[in-house]
**Student:** 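Encoded as structure tokens, here's the structure I'll be asking about.
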Amino acid sequence: MRSYFRIMQDNFNDMDFRTIQNAREDLVGEIDAIIQYANHYRATDKPSAKMTIKDIMEEEMVHVGELMALLFELDPTFKARYDEGVNEF
């Protein structure tokens, strides 16, 4: 597990905590994949490759949304902080 996810949260049982941490790690993986596909997209001039890579990259973006929704459900405090950040933007 990435060290920056090793935090203590007293308001979750161990199973909830593990599920939340796994979803956070999965979110990082999806964002990493988006970055990788964006780089691959820019690195080719083949239309068929661009089309395929763009499709895959956009699916990864859907996964980000699904994981965010899961985190909002599992940790309502996270949802509140997220909304606060959006409003501050």
Side-chain angles (χ1 to χ4, degrees):
M1 178 189 310
R2 296 171 190 241
S3 62
Y4 50 88
F5 287 132
R6 293 184 188 275
I7 59 174
M8 295 301 296
Q9 295 181 354
D10 294 331
N11 55 330
F12 299 112
N13 67 41
D14 286 343
M15 181 65 75
D16 290 342
F17 181 76
R18 173 90 327 273
T19 302
I20 290 168
Q21 295 301 76
N22 286 342
R24 288 172 175 158
E25 289 182 17
D26 292 343
L27 184 60
V28 170
E30 296 296 341
I31 293 170
D32 282 344
I34 291 167
I35 292 166
Q36 179 181 2
Y37 287 122
N39 289 334
H40 293 176
Y41 181 89
R42 290 182 58 104
T44 187
D45 60 356
K46 302 284 186 199
S48 60
K50 282 189 173 288
M51 184 179 70
T52 301
I53 293 166
K54 182 179 180 201
D55 182 62
I56 295 168
M57 181 175 63
E58 288 175 348
E59 184 62 31
E60 301 300 340
M61 292 176 187
V62 172
H63 296 165
V64 167
E66 291 172 328
L67 287 165
M68 292 297 291
L70 176 61
L71 285 168
F72 292 162
E73 177 186 310
L74 295 173
D75 184 358
T77 302
F78 176 67
K79 172 68 168 129
R81 297 291 77 81
Y82 175 88
D83 289 342
E84 185 178 325
V86 169
N87 290 332
E88 286 181 9
F89 179 75

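What you are looking at is a predicted structure, and each value in this text was computed from that prediction instead of being measured.
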**Student:** How close do Ala23 and Leu67 get, heavy atom to heavy atom, and via which atoms?
**Tutor:** O-CD2, 4.2 Å
**Student:** First locate atom CE of Met61, then atom CD of Glu30, and finally report the distance between them rounded to the nearest 0.5 Å.
**Tutor:** 11.5 Å
**Student:** Taking the side chain as everything from C-beta on, heavy atoms only, tell me whether Phe89 gets closer than 4.5 Å to Glu84.
**Tutor:** no
**Student:** Can you classify the ring geometry of His40 versus Tyr37 as parallel (below 30°), tilted (30 to 60°) or perpendicular (above 60°)?
**Tutor:** perpendicular
**Student:** Which distance, rounded to the nearest 0.5 Å, do you find between the CD of Glu60 and the CD1 of Ile31?
**Tutor:**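 Rounded to the nearest 0.5 Å, the CD-CD1 separation comes out at 11.0 Å.
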**Student:** Just verifying a value: how many Å separate Asp26 CG and Leu71 CG, rounded to the nearest 0.5 Å?
**Tutor:** 9.0 Å
**Student:** Yes or no on salt bridge (charged side-chain N to carboxylate O under 4.0 Å, His left out) for Arg24 and Asp75, after CA distance, side-chain angles and deciding distance?
**Tutor:** CA-CA 11 Å; Arg24 288 172 175 158; Asp75 184 358; 3.4 Å; yes
**Student:** To the nearest 0.5 Å, what is the distance between CE on Met51 and NZ on Lys46?
**Tutor:**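 Result: 14.5 Å between the selected atoms.
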**Student:** Does some side-chain heavy atom of Asp16 sit less than 4.5 Å from a side-chain heavy atom of Leu74?
**Tutor:** no
**Student:** Measuring from Asn22:CG to Leu70:CG, what's the distance to the nearest 0.5 Å?
**Tutor:**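 Here the rounded value is 10.0 Å.
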**Student:** Would you compute the distance between atom NE2 of His63 and atom CD1 of Ile34 and round it to the nearest 0.5 angstrom?
**Tutor:** 9.5 Å
**Student:** Within a strict 4.5 Å, meaning less than it, do heavy atoms of the Gln36 and Asp32 side chains meet?
**Tutor:**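 The answer is no; the side chains never approach within 4.5 Å.
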**Student:** In the single-linkage hydrophobic clustering (I, L, V, M, F, W, Y; side-chain heavy atoms under 4.5 Å), do Met57 and Val62 co-cluster?
**Tutor:**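 No, Met57 and Val62 fall in different hydrophobic clusters.
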**Student:** Does NZ or CZ of Lys50 come closer than 6.0 Å to the centre of the six-membered ring of Tyr41, within 45° of the ring's axis?
**Tutor:**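 Yes, Lys50 and Tyr41 form such a contact.
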